[in-house]
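Structure record follows, encoded as structure tokens.
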Amino acid sequence: MSLGLSACTAGGPDAEVEVLAQPGEVGLAPVALGELPALDDPALDASVSRPRRDPIYPGVGHPVVDALHYDLDLAWDPEERLLTGRETLLLRVARDSERLVLDLSPALEVSGVRLDGEQRPFDRRGQDLRVDAEVSTDDRHVLEIDYAGSPEPVAAPTTRGDFSTNGWTVTDDGDTWTMQEPTGAYSWYAVDDQPADKATYDITISVPSPRVGVANGQMISRTESDGVTTTRWSMEQPASSYLVTVATGEYALSEAVSSSGVPLSYWVPVGEEDRVDADAGLAEADRGLTWLEEKLGPYPFDALGFLFVDSESGMETQTMITLGMTEYTTSTPVLVHEIAHHWWGDLIGPTTWRDLWMNEGMAMYLQGAWMASEEAYTLQQLMDYWAQDEPQMRAEAGPAADYDPATFGEGNAYYSGALMWHEIRGLLGDREFWRLVREWPQSMPYGSSDYDGIVGWWSRESGRDLAPVFDAWLLGETSPQR
């Protein structure tokens, strides 16, 4: 996510257009498309993880369901503000249990649950959807859930001014968008809403034309029938739930290909072209991506899109970055920041929310390095400038790796981490530092790490005990000397 401080036609050329139904056969209801992976498909193994309750936000996450693949068939009625969903979840059982538990907002009513094709009893307790089923460790199952309702965003645990809620957000016109870091995904689908539990996704969205649904991954089909537009999106690399995005509205699509061959797209709300210049933005995204690939290696996903919504923030939603339409969030430094997260945060992410600093500290440092390469000041001068306010951020929110849970995503996670990485760069030298910056995300692709994991890896690979540096910057009550 970015920190907002002073500091053509829809449907790509490769999208397959299918006739899914005859006029009159498709309404504002889920439309099942495609085939599910088989439970023993080796491709699902990349999604295997150890589920857990999050220690910072223990209201989400559960130790039994290891999500492997979500298939979400969604229909949005903007007049009624009604979401109708048919969810199919392929899961692994992480430990013996008498029930499966997922996070799902009480604003959504569940009408039926099936496990491996058989109806199962279920109940609701707060935001927990509890399904009665005796399950055994490592068994794999197909869980189907039918639900509907008017989703409501949930409060974000932060004092930041650029976002105060998470999850499904509805505009005055009935359009929708989502940003859900740290725990807002459960506002619109049943999910193990904890960052270590990654899964692949297929998302189908049906909305009244000329609206269109946009989501992560690649758009594999777009159809229109009886006044309803249906798009299907596929994301084949595992993603954390907070990195999923969905938006509906009237969008104009502009496309390009990066210098390295990555498909690029810009989804701009119709009528907002004066606020978002798609051609200029695509050119800047290519420049930023080229610079990052020189530092971090080839872009690790299949496509890179930018989805613009009525927000004041920005979010590194995997393969389809979600951005507000402000001067800051549409700027090239923010594009670089959010693209950088696709290595640091998306390819490898935090095991729990304690380690948000891992994502944001490096993305902020890379943003700073980009800014210094473009402006008259040096990177050292920029670090000196950032360091002026860092002690106050630490005092207000706590150390970056031991922050007050009510101050999620605030300046300490960004600036303490960035300043720490600059200190480590000085200790290791440029060549060694950038080698490790490049290799760390590749050490556990599509996985996650905790504090001890990253500190241990950097110490082993560099041949130096870096724990005192990490601890001083990330756990200390006062800012260390630079």
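Of the N and O atoms on the side chains of Glu410 and Thr158, at least one donor lies less than 3.5 Å from an acceptor on the other residue. If you check the side chains of Ser260 and Glu293, you find a donor sitting under 3.5 Å from an acceptor. Side chains of His341 and Glu360: a donor on one and an acceptor on the other come within 3.5 Å.
Residue pairs meeting the salt bridge (charged side-chain N to carboxylate O under 4.0 Å, His left out) criterion with at least one member in residues 187-203, sequence neighbours excluded, are Asp202-Arg232.
Between Phe308 and Trp177, a ring centre-to-centre spacing not shorter than 6.0 Å is recorded. For Trp76 and Trp168, the distance between ring centers is under 6.0 angstrom. Within the 6.0 Å centre-distance limit, the rings of Trp267 and Trp233 are counted as a close aromatic pair. For Trp421 and Trp473, the ring centers sit 6.0 Å or farther from each other.
A salt bridge links Asp430 to Arg425: one of the charged nitrogens lies within less than 4.0 Å of a carboxylate oxygen. In this structure, Arg211 pairs ionically with Asp175, as a charged nitrogen and a carboxylate oxygen lie closer than 4.0 Å. Under a 4.0 Å N-O distance rule, the pair Arg160/Asp162 qualifies as a salt bridge.
Remark: Glu284 pairs with Arg287 by the salt bridge (charged side-chain N to carboxylate O under 4.0 Å, His left out) rule, at least two apart or across chains. For Arg460, there are no salt bridge (charged side-chain N to carboxylate O under 4.0 Å, His left out) partners two or more places apart in sequence or in a different chain. Evaluation of the side-chain hydrogen bond (donor to acceptor under 3.5 Å, both in side chains) rule for Asp471 yields Tyr451 as partners, not counting sequence neighbours. Residues passing the ring-ring contact (aromatic ring centres under 6.0 Å, His included) test with Phe306, sequence neighbours excluded: Tyr266. In this structure Arg92 satisfies the salt bridge (charged side-chain N to carboxylate O under 4.0 Å, His left out) test together with Asp66, Asp138, sequence neighbours excluded.
Applying the 6.0 Å contact sphere to CD of Glu236 captures no more than 12 heavy atoms from other residues, nucleotides or ligands. Within 6.0 Å of the CG atom in Asp274, the count of heavy atoms belonging to other residues, nucleotides or ligands exceeds 12. Around CD of Gln380, the count of heavy atoms belonging to other residues, nucleotides or ligands within 6.0 Å exceeds 12.
Looking at every heavy atom in both residues, Ala46 comes nearest to Pro238 through O-CG, 3.8 Å. Here the shortest heavy-atom pairing between Pro106 and Gly126 reads CG-O, 3.4 Å.
Two residues are said to be in side-chain contact when any heavy atoms from C-beta on lie closer than 4.5 Å; Tyr201 and Asp71 fail this criterion. Taking 4.5 Å as the limit, every side-chain heavy atom of Arg354 sits out of range of all side-chain heavy atoms of Asp450. Between Val257 and Val262, the closest side-chain pair of non-hydrogen atoms is not below 4.5 Å. Proximity of Leu466 to Val455: side-chain heavy atoms (C-beta onward) are nowhere separated by under 4.5 Å. Using a 4.5 Å heavy-atom threshold, the side chains of Ile145 and Tyr189 count as separate. Side chains of Asp355 and Ser449 form no contact here, defined as non-hydrogen atoms less than 4.5 Å apart. Ser265 has its side chain within reach of Leu253: a pair of non-hydrogen atoms, C-beta onward, lies under 4.5 Å apart. Put simply, the side chain of Gln442 reaches to within 4.5 Å of the side chain of Leu347, judged on heavy atoms.
Side-chain atoms of Arg394 never come within 3.5 Å of backbone atoms of Asp389 as a donor-acceptor pair (strictly under, hydrogens ignored).
Tyr365 and His422 have tilted rings, their planes meeting at an angle from 30° to 60° on a 0 to 90° scale.
Here the rule is ring pair (Phe, Tyr, Trp, His ring centres under 6.0 Å) with Phe408, and of Phe163, Trp353, Tyr242, Trp357 only Trp353 fits it.
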